[in-house]
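Note that the coordinates shown come from a computational prediction; the quantities given were computed from them, not determined experimentally. Chain letters run A, B, ... following the sequence lines, proteins first, then strands; residues in each count from 1.
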Amino acid sequence: MREAGYAFAVFGSSPFALLLAGLLADRHRRRVCVVCRPHSAWRLPQGFDLSTAPLTRPPTWALLKSVTPESVKLISRIASKATIERLDPVFVAETPSGRDVLGHMRHLALGFGLAAELQPPTGTLPPGSSAIRIRDAVFLNRAVLEPALLKWLAELGVVRVNALEAAAEFTVLADDTAVLEHGSRLLQPHNRASIAATRGPALPSPLVTFLDRGLSLYQNADRAVSAIGRGVVDDVLGQTGGILGGEARRTGQAAFVGALTADGAPMLGLSSPDTFTIAGLGVIGAFLAPTIARFLAGEASQAEADWIDAHSPLADRSLVAEFAL
Amino acid sequence: MKGQPNRLEPGQHQFAGRDIDRSRPLRFMLDGRMVNGFAGDTVLSALLANGVDTLGLRNGSPLALTQRSAPLIAPAALSEQRDRYLPMARTPVLDGEEFVTVGERSGGGLFGLLKRAGPSLGLRLDAPPAPPPWLDMAAESMLAADLVVIGGGVAGLSAALAAGQSGSTVVLVERRAAIGGDARLFGSVEEEETPDAMIVRLSQALSRLDNVTMLKTAEAFAIGASGVRVHQIEAGSDGLSARILTIAAARIVLATGTSERLPIFPGNRLPGVVGLAEAFELADRFGVWPGSRVAVNTGTNPAYRLAMLALDAGIALARMSDTRLHPQSRFIEFSKAYGIPLSSGLVPRRAAPNQGGGLKVQMTLEMENLVRPEPALVADRLILGGAWQPELTLWVAAGGHVHWNGVQLLAAGSLPGITLAGAAAGLRSLSGCAQSGAAAAATALGRNPGPVFDIEIDPLYETPDAPPSAHPAEAEGDLPAYLDAVDFAERPSPEKPRSGFFRRRPLAARAPTEALSMETLASLLTLGSVPVEEADAIARERCLPLVLLPHMPCPAPRAIALVPAYLAGRFGSAQAVWRIAADEARHFEAGNLLYPNTDAADPHLAVGVVLAPAIDEETGAIALVGEGEAGKRLVLRDLGRQVSVRLVEPVGR
């Protein structure tokens with residue numbers, strides 16, 4: 001190990017990766033360096049951060065329910081309140097299999113005390129589709145959050161280094177991009193695209209996820225839309241246009257590569273003796289950061305450790321399989 | 001020249017208007033306003049000659065009518081037909097035509113048909129201009145060529161000539177009615193052929209080639225798999241018409257020249273403020289020169305050439321200033337000989353309407369350790385020599401890369417089948433642009449391009465261009481400082497963002513949902529608002545044409561498994577599918593949780609889940625259950641209600 005060795009080298013640029021690095025340094029008093037290439041707010045987003053998702057496994061719902069208040073409090077402290085947007089996301093299904101997912105998601109959400117309501121048909125949802133609305137979820141404004149996280153890391157003494165300088169006892173590959181760049185055999189790269197579009201018809205919620213299209217739309221107060229979906233740019237343009245219809249125009253587009261687990265579930269675990277790999281967290285990643293930081297620091301609760309162990313690449317992954325958005 | 005207060009008198013000077021025929025006066029109507037002009041005018045040049053210089057109001061401030069901000073117009077009788085919209089700046093005038101401007105009007109309606117007077121078109125500018133309809137229109141005509149050259153400046157003409165002389169079929173696309181680009185503004189150095197001589201020589205040579213087709217008043221707006229898409233306006237005996245062409249060609253030369261960037265200060269798009277290249281083009285092609293008290297501020301040397309040509313035309317300059325300290329240029333030496341009063345180190349900080357008419361312009365003297373306000377200057381017109389940005393919109397839309405050199409976004413890398421030439425490729429001198437055009441054609445056609453020599457004069461003798469100055473609004477409520485001459489992107493004051501393009505959002509929180517022009521991106525880079533290392537990515541993500549989104553249907557349904565993978569092992573290794581029945585008629589749906597008793601409510605304690613309602617039975621369903629036997633009772637919990645169900649029989653065993 002080099003002289004300037006760190007306890008953890010965190011690779012990743014997502015809000016989750018930056019939160020994880022900061023938590024390890026702040027709460028858990030570890031020496032941490034981070035290898036990241038954060039995007040400026042002028043780039044199109046490569047992910048959304050939402051405190052709920054089409055999950056079908058009770059342990060994940062339970063974990064998310066328990067840790068989200070802590071995460072929101074932490075994020076509010078690091079960044080301004082403008083980072084936190086409380087909204088009622090809508091999830092839409094258009095096929096029989098999608099409707100089944102929606103049903104399982106809705107009843108689990110209700111079971112965990114969330115208000116999950118059937119969304120009446122609206123003009124902007126596809127004819128014949130089914131939809132549910134989850135009340136009071138948290139959406140993070142990445143454009144505000146990411147600069148605040150970088151400032152926070154600097155204040156904590158978390159050093160930004162390049163990959164060659166990241167000598168640490170433990171390497172954490174903390175987002176899909178970092179995992180793919182390190183050539184993990186456990187994950188498959190898959191095409192994703194981010195689209196920006198002009199003012200469209202008012203959606204039933206600022207955030208609408210179309211399960212069967214693999215598409216999420218975020219609509220701002222001006223009714224302009226950011227879309228992130230699976231497939232190449234033309235696919236996501238077409239799926240977005242299929243929802244917005246009419247006169248919506250592309251104002252931006254970006255292709256990127258995401259990591260897909262074969263079973264749709266998050267993957268967290270050792271990929272080599274000194275490398276911990278985290279991928280496939282989807283939209284909920286940032287909200288799980290305190291849990292995963294505790295685990296890496298050896299301070300996780302039994303329930304947290306059980307959840308992470310169950311999502312290890314070495315575990316029986318069929319038992320944690322999720323609907324792959 | 002009745003009704004044309006801004007038309008210069010004819011004479012032995014360069015600003016007589018080379019494109020207009022003063023022996024053929026004509027009249028047309030726009031929004032009920034009678035406009036006088038000459039054959040050869042565009043609708044825009046005639047309007048400016050008639051004293052109309054204002055687009056409308058945006059947030060209470062007037063916005064200048066310029067070549068880049070000019071709106072769409074439509075023949076009055078066909079104003080409801082979007083496919084008949086025409087670009088004002090490119091549309092030639094015909095006697096007796098009647099037009100209306102397209103857009104929301106103060107005074108009501110999309111097309112204001114009330115008679116208008118005064119200097120404003122009266123448009124409401126609440127939102128950025130809509131994209132031109134031809135972006136979405138299907139092509140009516142097809143052409144095919146070995147090579148398409150986009151741009152009819154000296155680089156494009158040279159490319160077309162080189163390819164044509166080698167026997168290739170060529171289509172040259174030029175958006176103006178005349179060829180030559182901006183070469184006449186930039187001039188030549190010492191031994192170089194003059195721009196006029198070069199343009200005549202190239203034009204005559206091209207006219208002798210049957211295999212070269214030249215399309216004027218034609219704008220290439222997209223490059224796609226099928227070829228180059230072009231919108232062309234044609235003036236015939238039966239009036240104006242426009243058509244969309246697709247030109248199929250495996251090779252393309254982009255000789256699209258440069259666009260001029262705005263210096264950034266409050267009031268930089270007020271009526272009366274104009275860019276150097278536009279001021280030159282209006283005077284040179286159309287003999288249009290609004291105002292008598294003219295101030296020029298520049299960071300580039302061709303502004304001095306404009307000043308001298310203006311003096312030749314009998315136009316006095318109220319002030320000639322340079323943002324650079326002690327700039328050197330052959331043009332400056334000539335200007336001194338002309339007796340033009342020069343001052344350097346002066347940076348425009350604010351322009352505002354002057355109470356007595358014209359503009360009140362505030363500048364500061366900026367030296368190394370000194371920033372000193374200068375006395376305000378009153379002028380009818382402020383000509384700004386900003387900076388040149390290679391016109392790379394088509395290059396980027398086709399997938400090309402760019403990089404920021406500190407002053408300009410320049411093309412980087414290569415694209416299959418597309419070659420850049422002239423100023424678009426970063427060339428500066430007249431001969432360099434011409435050589436670059438010929439070389440680009442050779443490269444595109446797979447031949448040896450030969451050397452290109454761009455004449456660079458030693459900075460001791462020719463001070464390099466300065467980046468455009470950039471200053472924020474200094475006080476809340478100040479006039480906006482726009483980042484570009486087309487869209488409404490503006491630099492907000494740091495303390496409190498202004499309303500407008502980035503409404504009440506902190507700088508870092510601007511949602512990336514608005515398209516950016518290359519000029520806006522260059523301004524943001526100049527301001528340091530955008531990381532230089534992300535310039536290419538941002539250009540490729542956001543400097544794109546505003547095309548309509550295609551519509552795709554939802555993908556085909558996935559095959560449904562009786563037990564989907566996301567429920568595998570959910571209720572233990574012994575889980576099985578059962579048919580269940582309720583004692584009373586009720587609706588089941590996928591996801592209904594089954595509990596062992598009425599006390600349990602935590603999903604962790606669920607012992608089963610409904611997979612689907614049974615097809616034939618109102619009271620039954622198919623469920624996934626952890627352990628069970630026929631007749632076992634479970635509790636289905638749904639929205640606070642509890643329903644007793646029993647296991648009937650296993651399914652699929």
Could you tell me which portion of [X] (side chain, backbone, both or neither) has an atom closer than 4.5 angstrom to a non-hydrogen atom of chain B?
X	value
D316(A)	neither
P54(A)	neither
R142(A)	neither
R250(A)	both
L319(A)	both
V101(A)	both
L102(A)	neither

Segment of [X] engaging chain A (4.5 angstrom heavy-atom cut-off):
X	answer
I560(B)	side chain
A537(B)	both
P531(B)	side chain
L521(B)	neither
P545(B)	both
V547(B)	both

Specify which of [options] makes the most heavy-atom pairs with chain A at under 4.5 Å.
options	result
L549(B), L544(B), V530(B), I538(B)	L549(B)
D136(B), L611(B), V610(B)	D136(B)
A601(B), A565(B), A559(B)	A565(B)

Do I134(A) and E117(A) make a side-chain contact, defined as non-hydrogen atoms from C-beta onward lying under 4.5 Å apart?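 Answer no - side chains too far apart.
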Please examine the side chains of L55(A) and F323(A), heavy atoms only from C-beta on, and report whether any two atoms are closer than 4.5 Å.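 Not touching, per the 4.5 Å side-chain cut-off.
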Just checking, any donor-acceptor pair under 3.5 angstrom between side chains of [X] and [Y]?
X	Y	result
D212(A)	T95(A)	yes
S517(B)	T520(B)	yes
S194(A)	Q46(A)	no
Q239(A)	D235(A)	no
R99(A)	S130(A)	yes

Should we count CZ of R558(B) as having more than 12 external heavy atoms under 6.0 Å?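 Enclosed.
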Side-chain donor/acceptor of R199(A) to backbone N/O of A248(A), under 3.5 Å: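 No, because the side chain of R199(A) does not come within donor-acceptor range (under 3.5 Å) of the backbone of A248(A).
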Between G113(A), G103(A), A254(A), which residue shows the highest count of heavy-atom pairs closer than 4.5 Å to chain B?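 The candidate making the most pairs under 4.5 Å is G103(A).
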Only pairs of heavy atoms separated by less than 4.5 Å count here; which of G214(A), G245(A), G264(A) has the most with chain B?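 Heavy-atom pair counts peak at G245(A).
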Any salt bridge between R213(A) and E94(A), counting N to O under 4.0 Å?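 Salt bridge: yes.
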Taking the six-membered ring of Y595(B) (Phe, Tyr or Trp), confirm whether the NZ or CZ of R637(B) is under 6.0 Å from its centre and within 45° of its axis.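 Yes, R637(B) lies over the aromatic ring of Y595(B).
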